[in-house]
Structures are given as structure tokens and as C-alpha cells.
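As the structure lists them, so they are numbered: ligands from 1, and atoms in each ligand from 1. Along the sequence shown, the residues carry numbers beginning at 1.
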Amino acid sequence: MQYAIFWGLLLGTFFLMEGAAWCIHRYVMHGFMWFWHKEHHQPPDRFLEKNDYFTLLFSIPSVLTLILGYEVAWLWFLKPIGYGILLYGLFYFVFHDLIVHRRIKFRFVAKNRYLRRIIRAHQAHHRCKDRKGAEAFGFLYALPRYDPED
Ligand SMILES: [Zn+2]
Ligand SMILES: [Zn+2]
């Protein structure tokens, strides 16, 4: 039973993070924090970009919830929440930074339909170089219209 609650909270947090990420990307990164995100919509000219500050910033809630979850007995439920945020962060890094943007060069061709759909959606997001007018702000989920044709 305890395992069920633990995994329920962990996976629930993981999927809720997609909603949070969508809102933050849509309204904060393409909003008043555009000055950090703008460089990510330009052709890359250096290894680290201002956009990486967001990655650092988003690791804070994960670290804090994990520390509190482990240190304070009655805050045990923060453990699976912290792991859920961490899992989403790892997914984001592997999908966004490695698979889509290839910040580290490696051989990989996506064959999986779901993976190809979310890759195409993020590529469509990058066709817009401006703060306004971009589409597909999510990472884990993309609309069926981004499905590959074949
Ligand atoms: Zn963007
Ligand atoms: Zn991107």
C-alpha cells in the first residue's frame, strides 16, 4: 500500500510537471523571462546558454523537496514528489538537450512514433524565432498533428 502511494505521488508529480512546464514555457519563458530564453531560439553559438539558468532554477524544488522529505519524518510525502520532479528533469534533459538539440553528439535515430511526434513538435516550436507566435510548448505530450507522415 505504501508503495502504491509512493509511486502514485511520484508518477502524478511527473505528469503534472508537464503541465507546469507547458505554462512556464508559454507564459514565463516566452513572457517576462524571454531575455533568458531568447538565445535558445537563435542558432547556437556557444555550449552553455542563458536558457540553462532555467534548468538550474528548476532543480531547486526537486532538491528542497528531497531534503525535507528525508529530514522531516512527517514530510515523507515530499520524497516521491521530489523524485517525480527529478524524473521529469531527467526526461527533459535527455529528450530536449540530447535527442532534439544534440548538445552532445551521438548516433541515434528515433524510430518510435511517439518520440518522433514530440521531436517534430519541438522542432516546430523552434521554427519561430520570436517571443510571440510560437507553437507546441510542451515536451512530454504533443498534439496528433505533429505525428510523422509515414
Ligand atoms: Zn521556447
Ligand atoms: Zn529547444
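Between Trp34 and His41, the two ring planes are tilted [angle within 30° to 60°]. Aromatic ring pairs are classed by plane angle as parallel below 30°, tilted from 30° to 60° and perpendicular above 60°; the pair His25 and Phe137 is perpendicular. Using bins of under 30°, 30° to 60° and over 60° for the plane-to-plane angle, the ring pair Phe139/Phe95 lands in the perpendicular bin.
Taking the ring centroids of His125 and His40, they lie at or beyond the 6.0 Å cut-off.
The closest approach of His37 to the Zn ion (ligand 1), by N/O/S atoms, is made by NE2. His125 contributes NE2 as its N, O or S atom closest to the Zn ion (ligand 1).
Inclusion of His41 in the first shell of the Zn ion (ligand 1) is supported: an N, O or S atom falls under 2.8 Å.
Angle NE2(His126) to the Zn ion (ligand 2) to NE2(His101): 90° [nearest 10 degrees]. Here the angle centred on the Zn ion (ligand 2), running from NE2 of His40 over to NE2 of His122, is 160°, rounded to 10°.
Looking only at atom types and distance, the side chain of Glu18 has no donor-acceptor partner in the side chain of Tyr92 under 3.5 Å away.
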